[in-house]
Visitor: 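Below you will find the structure I want to go over with you.
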Amino acid sequence: MASPTDKSRGIRIAIDRGGTFTDCVGELNGKEIIIKLLSEDPANYADAPLEGIRRIMSHFLGREIPRGEALDTTQIDSIRMGTTVATNALLERKGEKIALVVTQGFKDCLTIGNQSRPKIFDLAIRKPDVLYEQVVEIEERVTLEDYAEDPERTVTKAGAQAGTEDAQSHELVKGLSGETVRILKRAKEEDVRQKLQGIYDTGIRSIAVCLLHGYTFPDHEALVGRIAREVGFEHISLSHQLMPMIKLVSRATSVCADAYLTPAIKKYIDGFSAGFEGGLGTRSVQQESGAKGARCEFMQSDGGLVDVEKFTGLKAILSGPAGGVVGYAMTSYDSNTKTPVIGFDMGGTSTDVSRYGEGRYEHVFETTTAGVTIQSPQLDINTVAAGGGSRLFFRNGLFVVGPESAGAHPGPACYRKGGPATVTDANLYLGRLLPEFFPKIFGKNEDEGLDPEASRKVLQELADQINAETGKNMTADEVAYGFLTVANEAMTRPIRSITEAKGHDTAKHRLATFGGAGGQHAVAIADSLGVSQILVHRYSSVLSAYGMALADVVDERQEPESKVWEDGGRVIQELQTKMDKLKDKSRTTLHEQGFDDKEIEFEEYLNMRYRGTESALMIIKPSEEEARESFDGKDWEFGKAFVKQHRYEFGFTLDDRDVIVDDVRVRGIGKSFRHNERTVDQQLQEIKRQDVGVEQKHGEQEVYFDGGRLSTPIYKLESLSVGHVIPGPAMLADGTQTIVVTPNAKALVTESHVIIDLETASKREASSTDNATREVDPIMLSIFGHRFMAIAEQMGRALQKTSVSTNVKERLDFSCAIFDATGGLVANAPHLPVHLGSMSTCVRRQAEIWRGKLHKGDVIISNHPSYGGTHLPDITLLMPAFDAKGENILFYAASRAHHADIGGISAGSMPPHSRELFQEGAAIRSEKLVSQGKFDEKRVTELLYDEPAQYPGCSGTRCLADNINDLRAQVSANQKGISLIETLIEEYGEETVQFYMVNIQKNAEDCVRGLLKSVCKRFEGKALSAVDYMDDGSPIQLQVKIDPDKGEAEFDFAGTGPEVYGNVNAPQAITFSAIIYCLRCLISEDIPLNQGCLKPIHVKIPPKSILSPSPGAAVVGGNVLTSQRITDVIFKAFEACAASQGCCNNLTFGFGGNQSGQDAVKGFGYYETIAGGSGAGADWAGTSGVHCHMTNTRITDSEIFERRYPVILREFSLRGGSGGEGQHRGGDGVIRDIEFRIPLQVSILSERRVYHPYGLNGGGDGACGLNLWVRRVEKSNWEQSIKAIHGSDGPHETEYEERHINLGAKNSAAMKAGDRIIICTPGGGGWGKAGEGSVAKRRVDVTESWRKGSGAAREEAALQA
């Protein structure tokens, strides 16, 4: 048969079926045709891609092919498609009915997920719905025999290999990853068959199977798969076949997505194929008889094509956008100059960002789309905005763009369907869109163009609103341009964050823009990013389809591994053998698709990480060139390549730690049609530039740029020749795109692109107006709101990136912020609400202590509760930013991180029984950690390791190396903040920055005053009051008095109980955190989080109370328990919602330490917080199995948990019925049942074990929590007791029984091997009387359809309102 590179055959067709439009590119003998048609047009055709192919074939064959006639595949060389079928099925939840088959005890694993809530300020918590209709638990269980945190590094030998017959008779088997697996309970065929038959009988025909540790021990999954086929299931997805990577939740969501989507895709493909004579796909091409078929390949999420018969749901999520990435990568990157490219794809409903550099695609292995987290290789594509349809609002004195979108219906106001003001309207009104070049598809009869008058009207309405609220006199021009400026700033923030998170400098990139709206924003985005050159391909409006034509066929293979990397020797040989086997499988698959060996290439990867971390890097085998330059010509130097990449991405290496290989991966590439176009750089070297002539000008238009409207020439792209230079301002347009060239830029036309070069941005003129008389510009205020927040966010990125511990890197238990010279909060990027605003007390205290004594490069360390700390594990570092002369402090940058251990009486430094502060670990009042850039490691060791061990029964930190590494990461984050502040001052001038820093605080203050006035009106001026209790009976009492005229409130905690001889005392900073969190939730809109929020609030805390403890009082529970009760009391006073679980359920276990007078023992410590139920409200039900209010940390995945620690997680499920009854039920708590495999010290620190989470408005209370110790105790035997009393020592057998012992709320126990702790967490309170009809509202997350690659881990969502 003809190979894919054979050009002797017929028409080549590439199609991108998008949400609004379907783009088609046809090519025959070097001639191309572009067709753009509506994706949905049922009046004219049933399927857009089929219609596109019909039109292309009609064009090339010279005859009109009637609709409905089967298309002749002998005329077609290949069809390549990207489709939104899978994404739409996910978004609309219209996939196949499926069931999930999972290990017993884990039926709720996907409902709980990682236990964090998507948006930290939403009281009505909404987690994405699960995809399955039913879930079935199988009685089977395996675990890993050895554990990663073992100080002895024990390696147990296995008796057989998983997947073989021998494995049936051994308890210990070697898994696919090389880890030794212990089989605790084998799956029974009768049990499996009975349960699967039960599912089948309900009408379900597609199942997803994901069993614990199935990635390394696939035997039980394979058994379930075999029986399912025998029962008659039509589609069976097995997790070990789809993606054999560790992490139960990610693998289970992935396998569900595959089972849910693949049948839908197969149905679509069957319908599509029916339109052809001769069939589609490799087999139809190879068949001996009948009409010859055509090659048909679909684009996968990883940027590679796959034969139509092998296209599955799991690989289809990013099918369309992936084509765009391939398109700009193949047309914008030069392998000689190696200039990396940022892809900026701005369409009508979304703006996507990606990156291509180093000659290969950037993949991520865990992404979220439509609320579903997928574990599979996917291109790193991130949605950063809602595109041209982003709606425009003026809220709380700020210009706000999106994330709400007008969508395709009704669309922007100018679409003639009564839509709202959008970015597209602003562009049209300012002259940046040309209606004559836009298709006439609008209006009642769909034959009219864009409506500029509708855009003018909605923008004038916004201008009237802004002028009325601010007293200003802004024109519609200024308002529209202000919104565009804020929109560009809002998009720039995540673009910079995504790029810099991996160590890349945005300024060293080109910006490749495509999509219908990209050309209007590209120059402004590039200018803000510091990018000097923009590339716009001639097919930029259909680049996704064009990319399909340029893509390669790809076959991905991956297997788990667990080896410790060694340079040279046996380990490399074994890894090479594994890699070769994967390559053989991949080569066979590509041969079947018609590729010869000379057309096949391989990318070889090892997924590697340092021991004790979970931040693995996918390392590609060094190229010949890289091997020569960096590794003495050795191309299998994966270890050195990993260290090099780790230093580049994270800024450090851990030279004393082993490097673990987690996975072996091969990417087999069938090189298909070659891209013959010369690269941009080759064209630039040879091009002859000439100024554009007057005769090329199509017309002129008044276009608004910074400062006013300018008469701007318009050029048709088709009338420009190669070499033409067009100075800005100018507009370049054709039927599919409009490119805006600003006055500070010029465009050059090449064979393939329009290249826009930017002049270096000049420094903005400093304002000469005195800040005292200066007026606030709401546009600048909005921009500075973004800029200040961006600094705090980028500090957080730097901290997460350079930290070592699981607590900071994975659980995100940290916060970064910037403060004014007095210590007032300016911007805070909180991952945990308990950190919100609490640092301000600390920064103010330290600023007073060190006034006049600090120099540039100094860093202060503190964690003491009396000095603004919360509890001792939270260590704060702050650093001053000086003026240009280095004399006056202008700002402070500060970071606070939870350190896993800082000494004290128990591992994890969260002792349940601490009575004095010294028992909780190192207490640092105020020390200089860094002096003018020099890190004082000796003093840190004294503070954290030596000094805590001097106290009776106490140890120093049990993980000093991690402490020091994380402190260095905090220093790095602070330095990042200072650098960004200095850059901001350099750009705008010190006075302007200071002016807007004050006014962004004033903006937050005004928002809170407005809230308080509305609350006072709702309660008719009555004082608000509430009381709730800690489990020891200590009351937390609050009365809120509001002054309706000033919009001020007094929060008076008089009546609160006295300081306790225990550890639930809460330093004052915690009360301030709880208040600012509650106010932000009650406002329920995105406002700046800063000191202004607290300015209208007067807080009265009784001295010597539980909320104002003495300097030596124990406080570890105050941060994680009392903070939740304060929150409950505030919400109760405001009648906002029923109580949530009101606890963090802090569990710690471990062993080891360096107690005074004893030998140091190597060990480990582990700390986790556990979800519960959230409280219901007036129009929402509570959510089950989620973290509430003052915390939002993720739980360690069940498989990672068992790999790292000597435990067996017996159950992690919802605690049914624990939520309070009511019109709206409270959310249920969870059950977490952990068995310990070695003796360990285990501690639980919890609340709500006595006092129930309250219901409101007639709703029932949530259930209290319960902590049980399951232990084997000697069974009492009366006869043996009598014999023992009489001294008889005859032989007798000791009998044991299992006892469930209530540990109470706070306890610690030395548990033996085989002992278990079962933590049953509290439910949330209900709202309203049970039996009354629900009035719960369906809440929609407008960002759910956004593509969430590496830049949109949980923290991105957490920062959204």
Side-chain angles (χ1 to χ4, degrees), residues 834 871 906 910-915 919-920 1026-1038 1053 1055-1067 1070-1071 1074 1105-1107 1109 1113-1132 1138-1148 1169-1175 1187-1191 1215 1218-1220 1226 1229-1232 1242-1255 1260-1269 1300-1309 1317-1325:
V834 76
H871 65 174
S906 70
M910 297 285 289
H913 286 320
S914 52
R915 300 283 183 265
Q919 295 174 322
E920 298 175 356
V1027 64
D1028 205 342
Y1029 299 87
M1030 304 297 290
D1031 278 350
D1032 65 1
S1034 295
I1036 308 281
Q1037 192 155 331
L1038 171 66
F1053 288 90
T1056 293
E1059 177 181 318
V1060 299
Y1061 189 56
N1063 60 23
V1064 293
N1065 301 295
I1070 287 171
T1071 300
S1105 70
I1106 193 173
L1107 304 184
V1115 297
V1116 74
N1119 190 60
V1120 291
L1121 303 177
T1122 315
S1123 64
Q1124 297 280 39
R1125 195 65 65 260
I1126 299 167
T1127 308
D1128 284 340
V1129 170
I1130 296 170
F1131 282 134
K1132 189 176 186 181
S1140 291
Q1141 69 156 332
C1143 181
C1144 293
N1145 304 295
N1146 306 272
L1147 174 71
T1148 53
T1169 58
I1170 307 169
S1174 76
H1187 258 324
C1188 311
H1189 299 324
M1190 298 303 279
T1191 188
R1215 187 185 174 203
S1218 56
V1230 303
I1231 298 170
R1232 193 158 170 88
V1242 181
S1243 303
I1244 182 71
L1245 178 61
S1246 61
E1247 274 283 327
R1248 290 287 193 205
R1249 269 51 181 176
V1250 177
Y1251 288 88
H1252 291 255
Y1254 60 79
D1261 293 345
C1264 284
L1266 178 67
N1267 306 321
L1268 296 172
W1269 177 8
H1300 287 59
I1301 299 163
N1302 189 342
L1303 284 166
K1306 302 167 185 67
N1307 219 326
S1308 187
I1317 188 167
I1318 304 176
I1319 299 165
C1320 304
T1321 68

Visitor: Of all residues at least two apart in sequence or in a different chain, which pass the ring pair (Phe, Tyr, Trp, His ring centres under 6.0 Å) check with Phe1053?
Guide: none

Visitor: Charged N to carboxylate O under 4.0 angstrom, Arg1248 versus Asp1028?
Guide: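 Here Arg1248 pairs with Asp1028 in a salt bridge, since their nearest N and O are under 4.0 Å apart.
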
Visitor: Quick one: closest heavy-atom pair of Arg915 and Tyr1061, and the distance?
Guide: CD-O, 3.2 Å

Visitor: May I ask you to decide whether Lys1306 forms a salt bridge with Asp1032, counting only side-chain N to carboxylate O separations under 4.0 Å?
Guide: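 No, no charged N to carboxylate O under 4.0 Å.
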
Visitor: Out of Gln1124, Arg1125, Lys1132, which one pairs with Asp1128 under the side chain to side chain donor-acceptor pair (under 3.5 Å) rule?
Guide: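 Testing Asp1128 for a side chain to side chain donor-acceptor pair (under 3.5 Å) against Gln1124, Arg1125, Lys1132 leaves exactly one candidate, Arg1125.
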
Visitor: Checking side chain to side chain donor-acceptor pair (under 3.5 Å) between Ser1246 and each of Asn1267, Thr1169, Thr1321, Asp1031, which is the one that passes?
Guide: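 The residue from Asn1267, Thr1169, Thr1321, Asp1031 that satisfies side chain to side chain donor-acceptor pair (under 3.5 Å) with Ser1246 turns out to be Asn1267.
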
Visitor: Would Leu1303 and Ile1317 satisfy side-chain contact (heavy atoms from CB on, under 4.5 Å), going step by step from the backbone distance to the final call?
Guide: CA-CA 9 Å; Leu1303 284 166; Ile1317 188 167; 3.8 Å; yes

Visitor: Roughly how far, to the nearest 0.5 Å, is OG1 of Thr1191 from CG of Leu1121?
Guide: 11.0 Å

Visitor: Out of curiosity, Arg1232 CZ to Ile1318 CD1, how far, rounded to the nearest 0.5 Å?
Guide: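 Separation between the atoms: 13.0 Å.
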
Visitor: Check whether Asn1307 reaches the backbone of Ile1244 with its side chain - one donor and one acceptor, N or O, closer than 3.5 Å.
Guide: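 Not at all, since once roles are kept as given, no pair shorter than 3.5 Å links the two residues.
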
Visitor: Heavy atoms only: give me the nearest Gly1229-Ser1218 pair and the separation to one decimal.
Guide: N-OG, 2.8 Å

Visitor: Distance from Arg1249 atom CZ to Cys1143 atom SG, nearest 0.5 Å?
Guide: 5.0 Å

Visitor: By side chain to side chain contact (heavy atoms under 4.5 Å, CB included), which residues pair with Pro1067, not counting sequence neighbours?
Guide: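 Pro1067: side chain to side chain contact (heavy atoms under 4.5 Å, CB included) contacts with Pro865, Ile1070, Val1115.
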
Visitor: Scan side-chain atoms only and decide if His871 and Asn1119 contain a donor-acceptor pair under the 3.5 Å cut-off.
Guide: yes

Visitor: Mind checking the SG-CD spacing from Cys1264 to Glu1247? Nearest 0.5 Å is all I need.
Guide: 10.0 Å

Visitor: Parallel, tilted or perpendicular: which describes the rings of Tyr1029 and Tyr1251, with under 30° parallel and over 60° perpendicular?
Guide: parallel

Visitor: Taking only residues two or more places apart in sequence or in another chain, which ones pass salt bridge (charged side-chain N to carboxylate O under 4.0 Å, His left out) with Arg1215?
Guide: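 Per chain and number, Arg1215 pairs via salt bridge (charged side-chain N to carboxylate O under 4.0 Å, His left out) with no residue.
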
Visitor: Can you name the nearest heavy-atom pair linking Ala1138 to Gly1325, along with the distance?
Guide: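 Minimum heavy-atom contact is CB-O, 3.3 Å.
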
Visitor: When you compare the side chain of Ser1034 with that of Val1064, does any pair of heavy atoms fall below 4.5 Å?
Guide: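 No - every pair of side-chain heavy atoms lies 4.5 Å or more apart.
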
Visitor: Tell me the closest heavy-atom pair linking Gly1175 and Ser1140, and the distance in Å.
Guide: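 Heavy atoms only, the tightest pair is N-OG, 2.9 Å.
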
Visitor: Checking side chain to side chain contact (heavy atoms under 4.5 Å, CB included) against Ile1036, which of Ile1130, Thr1127, Val1129 comes through?
Guide: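 Exactly one candidate clears the test, Val1129.
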
Visitor: Using 0.5 Å steps for rounding, measure from the OG1 atom of Thr1056 to the CD atom of Gln1037.
Guide: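 It is 6.5 Å, given to the nearest 0.5 Å.
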
Visitor: On a heavy-atom basis, which atom in Pro1035 and which in Val1027 lie closest, and how many Å separate them?
Guide: CB-CG2, 4.1 Å

Visitor: Measure across Val1120 and Val1116 and return the closest heavy-atom pair with its distance rounded to 0.1 Å.
Guide: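 Closest pair (atom of Val1120, atom of Val1116, distance): CG2-O, 3.6 Å.
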
Visitor: Hey, could you give me the CD1/CG distance between Ile1319 and Asn1145, rounded to the nearest 0.5 Å?
Guide: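 One gets 7.0 Å once the value is rounded to the nearest 0.5 Å.
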
